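Single-structure report; data block below.
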Amino acid sequence: MQSELQRFEQTLRANLHAFGVELSPDVLARLGSYYSLLTRWNDRLHLVAPCSPEEFATRHVLESLILLEHLPPEATIADVGSGAGLPLIPCLIVRPDLKATLIESSQKKTVFLREALSAVERQATIIARRFEEIAAPDVAFVSCRALDRFSRQIPILLDWAPDGATLLLFGGEKLLDAERFLIPGSERRYLYVKRALRG
């Protein structure tokens with residue numbers, strides 16, 4: 001009988017092309033390490049809703065990786081409400097050239113983020129504050145996958161982001177008025193792409 005880790009890795013391999021990504025054996029192994037660590041911490045911290053290895057592979061990891069086609073080499077990006085490290089830890093595993101800042105208000109979750117980055121041998125700046133309480137880092141991109149009262153937070157996020165930065169936001173059909181891309185395998189979830197422009 002296959003282990004959960006084997007099911008996770010097999011699902012990644014089976015769905016790579018649908019999401020337009022290529023993953024080397026080394027990257028697959030690091031994604032497996034991340035998955036194993038997250039499942040061990042999840043009961044205590046509720047990092048993600050309980051789900052099967054197959055769902056975690058597609059709904060969380062591969063969905064996160066669709067960001068990569070929007071990020072040029074050496075891109076600077078801040079993620080708001082990082083929680084379990086989605087979407088940026090999978091992105092950093094695939095693209096260590098990215099310069100990432102993870103912003104997460106829960107101290108306990110930032111401990112997990114540090115452990116996860118160490119486990120997959122990747123680096124990022126971690127800020128244990130609410131995004132509204134800090135100045136936006138000097139980045140070209142801002143990502144966000146999940147925030148409490150997300151639709152209400154979007155105007156605040158747009159004001160907070162550096163002028164000219166591109167926001168990459170995951171959400172349902174009517175999250176905001178912006179260019180959007182349907183997530184593979186989904187009927188109603190999109191990646192929204194919007195520039196933060198002042199005046």
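Computed from a predicted structure; not experimentally measured.
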Quick check: are there more than 12 heavy atoms from other residues, nucleotides or ligands sitting under 6.0 Å from CG of Asp138?
no
With rounding to the nearest 0.5 angstrom, report the CG to NZ distance, Leu71 to Lys99.
12.0 Å
Out of the candidates Thr39, Leu92, Leu86, only one should pair with Tyr34 under the side-chain contact (heavy atoms from CB on, under 4.5 Å) rule; please name it.
Leu86
Flag the pair Thr101 / Ile77 as yes when at least one side-chain heavy-atom distance between them is below 4.5 Å, and no otherwise.
no
Atom CG in Leu31, atom NE2 in His60: separation rounded to 0.5 Å?
14.0 Å
Within 6.0 Å of CZ in Arg13, more than 12 heavy atoms from elsewhere:
yes
Pair Phe141 + His70: ring centers closer than 6.0 Å:
no
Nearest 0.5 Å please: distance from the CD1 atom of Ile154 over to the CG atom of Asp159.
12.0 Å
Please report the shortest heavy-atom distance between Val139 and Ala165, naming the atom on each side.
O-CB, 3.9 Å
Tell me the closest heavy-atom pair linking Ser64 and Cys91, and the distance in Å.
O-SG, 3.4 Å
side-chain contact (heavy atoms from CB on, under 4.5 Å) partner of Leu169, the single match among Leu158, Leu157, Leu191
Leu157
Check this for me, if you would: do Arg180 and Glu173 make a salt bridge, where the nitrogen-to-carboxylate-oxygen distance has to be below 4.0 angstrom?
no
Within-4.5 Å side-chain heavy-atom neighbours: Pro53 and Leu5:
no
Are Phe150 and Leu168 connected, step by step, through hydrophobic side chains (Ile, Leu, Val, Met, Phe, Trp, Tyr) whose heavy atoms are closer than 4.5 Å?
no
So Trp160 and Phe131, would you call those rings parallel, tilted or perpendicular, with 30° and 60° as cut-offs?
perpendicular
Can a donor-acceptor pair be found, under 3.5 Å and without considering hydrogens, that links the side chain of Asp97 to the backbone of Pro73?
no
Leu88 versus Leu102: any side-chain heavy-atom pair under 4.5 Å?
yes
Check for a donor-acceptor pair, side chain of Gln6 on one end and backbone N or O of Ser3 on the other, with a separation under 3.5 Å.
yes
Should Leu28 and Pro25 count as side-chain neighbours, where that means a heavy-atom distance under 4.5 Å?
no
Looking only at heavy atoms, what is the nearest atom pair of Arg95 and Pro72, with distance?
NH2-O, 2.9 Å
Ignoring hydrogens and geometry beyond distance, is a side-chain donor-acceptor pair present between Ser143 and Asp79 at under 3.5 Å?
yes
Between Glu121 and Arg30, is the closest basic N to carboxylate O distance under 4.0 Å?
yes
Which heavy atom of Leu113 sits nearest to which heavy atom of Glu104, and what is that distance?
CD1-CB, 4.0 Å
With Leu23 as reference, evaluate Leu16, Val61, Ile93 under the side-chain contact (heavy atoms from CB on, under 4.5 Å) test and give the passing residue.
Leu16
Do Thr110 side-chain atoms and Gln107 backbone N/O form a donor-acceptor pair below 3.5 Å?
yes
Ser105 versus Arg129: any side-chain heavy-atom pair under 4.5 Å?
no
Can Val193 be reached from Leu182 by stepping across I, L, V, M, F, W or Y side chains whose heavy atoms are under 4.5 Å apart?
no
Tell me if the CD atom of Gln123 is crowded by more than 12 foreign heavy atoms within 6.0 Å.
no
Is the shortest distance from a Lys or Arg side-chain nitrogen in Arg59 or Glu54 to a carboxylate oxygen in the other one below 4.0 Å?
no
With a cut-off of 3.5 Å and sequence neighbours excluded, list every side-chain donor-acceptor pair involving residues 41-50.
residue : atom : partner : partner atom : Å
Asn42   : OD1  : Leu47   : N            : 2.7
Asn42   : OD1  : Val48   : N            : 2.9
Asn42   : ND2  : Val48   : O            : 3.0

Give a yes or no on whether Asp177 atom CG has more than 12 heavy-atom contacts from other residues, nucleotides or ligands under 6.0 Å away.
no
I need the Asn15 CG to Gln10 CD distance, nearest 0.5 Å.
10.0 Å
For Glu133, look at atom CD and say whether over 12 heavy atoms of other residues, nucleotides or ligands are found less than 6.0 Å away.
yes
Check the hydrophobic clustering (I, L, V, M, F, W, Y; side-chain heavy atoms under 4.5 Å; chains of links allowed) and say if Val111 and Val120 are grouped together.
yes
On a heavy-atom basis, the closest approach of Gly32 and Glu9 is CA-OE2, 3.8 Å
State yes or no: are the ring centers of Tyr190 and Phe170 separated by less than 6.0 Å?
no
Which heavy atom of Ala119 sits nearest a heavy atom of Leu37, and at what distance?
CB-CD2, 4.2 Å
Got a donor-acceptor contact below 3.5 angstrom from the Tyr35 side chain to the Phe56 backbone?
no
With a 4.5 Å heavy-atom cut-off, do Ile103 and Ser82 have their side chains touching?
no
Do Ile156 and Leu175 share a hydrophobic cluster, counting only Ile, Leu, Val, Met, Phe, Trp and Tyr and linking them when any side-chain heavy atoms are less than 4.5 Å apart?
yes
Please answer: with hydrophobic residues joined when any side-chain heavy atoms are less than 4.5 Å apart, are Phe19 and Val94 in the same cluster?
yes
Report yes if the side chains of Arg114 and Ile126 come closer than 4.5 Å at any heavy-atom pair, otherwise no.
yes
Going by heavy atoms in the side chains, are Leu167 and Arg195 under 4.5 Å from each other?
no
Measure the OG-CD distance between Ser52 and Glu4 for me, rounded to the nearest 0.5 Å.
8.5 Å
Rounded to the nearest 0.5 Å, how far does CG of Leu98 lie from OG1 of Thr76?
9.5 Å
